[in-house]
Enquirer: 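The following block contains the structure, expressed as structure tokens.
Note that the structure is predicted; figures quoted are calculated from it, not measured. All residue numbers refer to positions in the sequence shown, counting from 1.
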Amino acid sequence: MFLARFCSLTSRSIIQTTLKCNETSFLHFRGLASAANYEFIKVEKTGEKKNVGLITLNRKKALNALCDGLMKEMAAALDDLEADKDIGAIVLTGSERAFAAGADIKEMQSKSFAECFSSNFLTSWDRIARTTKPVIAAVNGYALGGGCEIAMMCDIIYAGEGAKFGQPEILIGTIPGAGGSQRMTRVVGKSRAMEIVLTGEQFSAQDAEKWGLVSKVFPADKVVGEAIKLGEKISQNSKLIVALCKESVNTAYETTLAQGLKTEKRLFHTTFATNDQKEGMSAFAEKRKPNFTDS
């Protein structure tokens, strides 16, 4: 009865999926041996040189609702891909119907303020934002609530033509809790962010591109492939220098111009302590392709 109260959905198959999600949330996912161990995501190495990590959310019947178990699995997968020296970029995607339609409401609806506050609820969700390797979101279908928030935690968003974004938390009596009001405002501006979070209305991939939330829009069946191609292109560069460059851009996003310029200069200076800076500039002078060693 306890689990049923938290996980009641519209069909028996969805109930079973959600029950498994709640059960699995108590497990420790770090250090899983292979993708076969994952219940709610799929993980593989892809690209011509197998240098792009692909994480696919896999709760299709629940429109990839973000339960605790799924988020723990994703964190474990990101740990594994970050530790893999062959991987230069990561693609995060869902299904053609839904990237992620939001957080699992049935799982959180009965939580109290004391429980949320004492556990710092949703804090662990920012694992995507803390990933040092570039993460590309390939979004099809619904990216709503928590789904929109995890897309915004990624470094680059590619979207399918029919993708729908939104922060509908206001419609169920709450507000965004994993960065929706903060990251959205920094990207689209105060007025438009206010409109999005105060109405809960969805907006299209085309609007998301126009407002700067999405980099490019593709036909739905091309999005993941294009994201993987982008990951392959990024992976051709020094992984060490890519990480420094990502840190520099994030500093611009998160701090003042003065602090960002100072950080950029220091990171630029730092590259001159690397073998890859020497190799890259030597290759340019010698008119050949660089052989980066990520050192």
Enquirer: NZ of K45: more than 12 outside heavy atoms within 6.0 angstrom?
Expert: yes
Enquirer: Restricting to non-hydrogen atoms, name the atom on V188 and the atom on A193 that form the minimum distance, rounded to 0.1 Å.
Expert: CG2-N, 3.7 Å
Enquirer: Taking all heavy atoms of A137 and all of F99, pick out the closest pair and write down the distance.
Expert: CB-CZ, 4.4 Å
Enquirer: Does the side chain of V197 come within less than 4.5 Å of E169's, by heavy atoms?
Expert: no
Enquirer: Whether the side chain of K133 engages the backbone of E82 through a donor-acceptor N/O pair (distance < 3.5 Å, no angle test) should be reported.
Expert: yes
Enquirer: Tell me yes or no: between the side chains of N275 and T293, is some donor less than 3.5 Å from an acceptor?
Expert: no
Enquirer: Quick check: F218 with Y158 (ring centres under 6.0 Å apart)?
Expert: yes
Enquirer: Any idea which heavy atoms bring E209 and S215 closest together, and the distance?
Expert: OE2-O, 3.7 Å
Enquirer: Check whether the side chains of T131 and R127 place a donor and an acceptor atom closer than 3.5 Å, and report yes or no.
Expert: yes
Enquirer: Are M184 and Q167 close enough that some pair of their side-chain heavy atoms sits under 4.5 Å apart?
Expert: yes
Enquirer: Membership question, hydrophobic clusters at under 4.5 Å side-chain separation (ILVMFWY): are M153 and L92 in the same one?
Expert: yes
Enquirer: Fit a plane to each ring of F203 and F165, take the angle between them on a 0 to 90° scale, and name the class: parallel (under 30°), tilted (30 to 60°) or perpendicular (over 60°).
Expert: parallel
Enquirer: Just wondering, are more than 12 heavy atoms of other shown residues or ligands nearer than 6.0 Å to CG in L198?
Expert: yes
Enquirer: Before giving the answer on salt bridge (charged side-chain N to carboxylate O under 4.0 Å, His left out), spell out for E201 and K164 the whole-Å C-alpha distance, their side-chain angles and the decisive distance to 0.1 Å.
Expert: CA-CA 10 Å; E201 291 181 354; K164 294 289 184 182; over 6 Å; no
Enquirer: Quick one, Y38 and V43 - any side-chain contact, counting heavy atoms below 4.5 Å?
Expert: yes
Enquirer: Dump the intermediate steps for side-chain contact (heavy atoms from CB on, under 4.5 Å) on V224 and T56, then the final yes or no.
Expert: CA-CA 10 Å; V224 175; T56 304; over 6 Å; no
Enquirer: Between D86 and K50, is the closest basic N to carboxylate O distance under 4.0 Å?
Expert: no
Enquirer: May I ask you to test the K278-T274 pair for a side-chain heavy-atom distance under 4.5 Å?
Expert: no
Enquirer: Return yes when atom CD of E48 has more than 12 non-hydrogen atoms of other residues, nucleotides or ligands closer than 6.0 Å, and no otherwise.
Expert: no
Enquirer: Can you tell if the side chain of I90 reaches within under 4.5 Å of the side chain of L78, non-hydrogen atoms only?
Expert: yes
Enquirer: Between L213 and V217, is there shared hydrophobic-cluster membership here, with clusters defined by ILVMFWY side-chain heavy atoms closer than 4.5 Å?
Expert: yes
Enquirer: In Å, rounded to the nearest 0.5 Å, how long is the span from OG1 of T132 to NZ of K239?
Expert: 11.5 Å
Enquirer: Is it the case that one hydrophobic cluster holds both V91 and L81, taking links as side-chain heavy atoms less than 4.5 Å apart, direct or via other members?
Expert: no
Enquirer: Using the rule given for side chain to side chain donor-acceptor pair (under 3.5 Å), can you reason through Q259 versus T263, listing the C-alpha separation, both sets of side-chain angles and the distance that settles it, and then say yes or no?
Expert: CA-CA 6 Å; Q259 183 59 50; T263 299; 3.3 Å; yes
Enquirer: Test side-chain contact (heavy atoms from CB on, under 4.5 Å) on K210 and Q206; report intermediate values, then the result.
Expert: CA-CA 6 Å; K210 182 171 63 178; Q206 291 73 22; over 6 Å; no
Enquirer: Taking all atoms of both residues into account, what is the closest heavy-atom pair of G179 and E149, and its distance?
Expert: N-OE2, 3.4 Å
Enquirer: Does a sphere of radius 6.0 Å around CZ in F272 hold more than 12 heavy atoms from other residues, nucleotides or ligands, not counting ones at 6.0 Å or beyond?
Expert: yes
Enquirer: Identify whether I87 and L240 are in the same connected component of the hydrophobic contact network (ILVMFWY, side-chain heavy atoms under 4.5 Å).
Expert: no
Enquirer: Applying side-chain contact (heavy atoms from CB on, under 4.5 Å) to W211 and I196, what does each step give before you reach the verdict?
Expert: CA-CA 12 Å; W211 299 340; I196 290 168; 4.1 Å; yes
Enquirer: Could you verify whether a donor N or O on one side chain and an acceptor N or O on the other, from T251 and E247, lie under 3.5 Å apart?
Expert: no
Enquirer: So, does N140 use its side chain to make a donor-acceptor pair with the main chain of S95 at under 3.5 Å?
Expert: no
Enquirer: How far apart are the closest heavy atoms of A205 and A159, and which atoms are they?
Expert: CB-CB, 4.0 Å
Enquirer: Would you indicate whether K262, at its atom NZ, is surrounded by more than 12 heavy atoms from other residues, nucleotides or ligands within a distance under 6.0 Å?
Expert: no
Enquirer: Quick one: CG on L70 to CD on E39, what's the gap to the nearest 0.5 Å?
Expert: 10.5 Å
Enquirer: Assess whether side-chain contact (heavy atoms from CB on, under 4.5 Å) is satisfied between V223 and V139, documenting all intermediate values.
Expert: CA-CA 7 Å; V223 179; V139 177; 5.9 Å; no
Enquirer: Indicate, with yes or no, if V214 and I150 share a hydrophobic cluster defined by side-chain heavy-atom contacts under 4.5 Å among Ile, Leu, Val, Met, Phe, Trp and Tyr.
Expert: yes
Enquirer: Going from CZ on R266 to OG on S248, what distance comes out if it is rounded to the nearest 0.5 angstrom?
Expert: 12.5 Å
Enquirer: Is there side-chain contact between M74 and I128, with heavy atoms separated by less than 4.5 Å?
Expert: yes
Enquirer: Between the main-chain N or O of A138 and the side-chain N or O of T93, is there a donor-acceptor pair closer than 3.5 Å?
Expert: yes
Enquirer: Under 4.5 Å between any side-chain heavy atoms of S235 and V52, yes or no?
Expert: yes
Enquirer: What distance do I234 atom CD1 and E232 atom CD have between them, rounded to the nearest 0.5 Å?
Expert: 11.0 Å
Enquirer: I need the F40 CZ to M71 CE distance, nearest 0.5 Å.
Expert: 13.0 Å
Enquirer: For the atom pair CD (E264) and SG (C245), what is the distance rounded to the nearest 0.5 Å?
Expert: 8.5 Å
Enquirer: So for atom NZ, which belongs to K222, do other residues, nucleotides or ligands contribute more than 12 heavy atoms lying within a distance under 6.0 Å?
Expert: no
Enquirer: Considering only heavy atoms from C-beta outward, does the side chain of L244 approach that of T271 to under 4.5 Å?
Expert: yes
Enquirer: Taking K229 first and then E226, would you say they form a salt bridge - that is, a charged N and a carboxylate O separated by under 4.0 Å?
Expert: yes
Enquirer: If you count every heavy atom of other residues, nucleotides or ligands that lies below 6.0 Å from Y253 atom OH, does the total exceed 12?
Expert: yes
Enquirer: If every non-hydrogen atom of G94 is compared with every non-hydrogen atom of N64, which pair is closest and at what distance?
Expert: CA-ND2, 3.6 Å
